[in-house]
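The block underneath contains the structure these notes are about, expressed in structure tokens.
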Amino acid sequence: MRIAILLLVLLQSACSYSPRNSDEWWYERMQRDHRSQCNQLPAQVKAQCLERQGGTYQEYLKQQKQQQPPTTPASESKNQ
């Protein structure tokens with residue numbers, strides 16, 4: 001029984017990690033590094049630093065997509 005639980009935990013944790021060297025993996029690594037640096041700051045600044053910490057990679061992509069101006073196809077830009 002214990003072995004089955006251990007295998008389930010290992011399988012779940014293996015599935016939750018993004019592939020090494022993917023964009024998501026780099027984003028998560030950057031976030032971990034930033035949190036580590038925040039934790040080395042004095043308590044007053046640490047809380048603010050951690051609040052500025054970004055969310056998940058999916059939230060980051062959604063935010064980036066919203067910030068990009070809409071693109072026009074090349075055929076339309078020639079006509080203008």
Side-chain angles (χ1 to χ4, degrees):
M1 181 69 175
R2 288 183 184 175
I3 293 174
I5 293 173
L6 178 63
L7 287 174
L8 287 173
V9 169
L10 289 174
L11 180 61
Q12 187 273 334
S13 64
C15 292
S16 66
Y17 290 109
S18 54
R20 187 170 180 88
N21 290 328
S22 68
D23 289 341
E24 185 174 2
W25 183 86
W26 283 108
Y27 178 83
E28 295 298 331
R29 182 176 175 186
M30 180 185 68
Q31 296 291 74
R32 277 193 312 273
D33 291 345
H34 188 254
R35 281 191 298 273
S36 175
Q37 291 173 359
C38 289
N39 287 326
Q40 295 175 5
L41 297 171
Q44 305 91 341
V45 183
K46 176 182 172 180
Q48 291 175 346
C49 181
L50 290 172
E51 283 177 13
R52 287 191 307 260
Q53 189 68 15
T56 65
Y57 183 68
Q58 284 73 26
E59 291 169 346
Y60 167 77
L61 289 177
K62 185 177 178 180
Q63 183 182 21
Q64 292 298 311
K65 190 174 183 178
Q66 290 174 348
Q67 290 178 355
Q68 289 179 349
T71 58
T72 57
S75 60
E76 288 183 22
S77 62
K78 286 181 181 178
N79 293 336
Q80 292 179 356

Candidate list M30, R29, E28, test side chain to side chain contact (heavy atoms under 4.5 Å, CB included), partner W26, passing option
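That would be R29; it is the only one of M30, R29, E28 passing the side chain to side chain contact (heavy atoms under 4.5 Å, CB included) with W26.
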
Residues that Q31 engages under side-chain contact (heavy atoms from CB on, under 4.5 Å), provided they are two or more places apart:
Y27, R35, Q53

My understanding is that only residues two or more places apart in sequence, or in another chain, count here; which of them pass side-chain contact (heavy atoms from CB on, under 4.5 Å) with C38?
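C38 satisfies side-chain contact (heavy atoms from CB on, under 4.5 Å) with H34, C49, L50 once adjacent residues are dropped.
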
Residue pairs passing the ring-ring contact (aromatic ring centres under 6.0 Å, His included) test with at least one member in residues 37-56, sequence neighbours excluded, are none

On a heavy-atom basis, the closest approach of K46 and N39 is CE-OD1, 3.0 Å

Distance-only check: which donor-acceptor pairs under 3.5 Å involve side-chain atoms of residues 54-63, not counting sequence neighbours?
residue, atom, partner, partner atom, Å
T56, OG1, E59, N, 3.2
E59, OE1, T56, N, 2.9

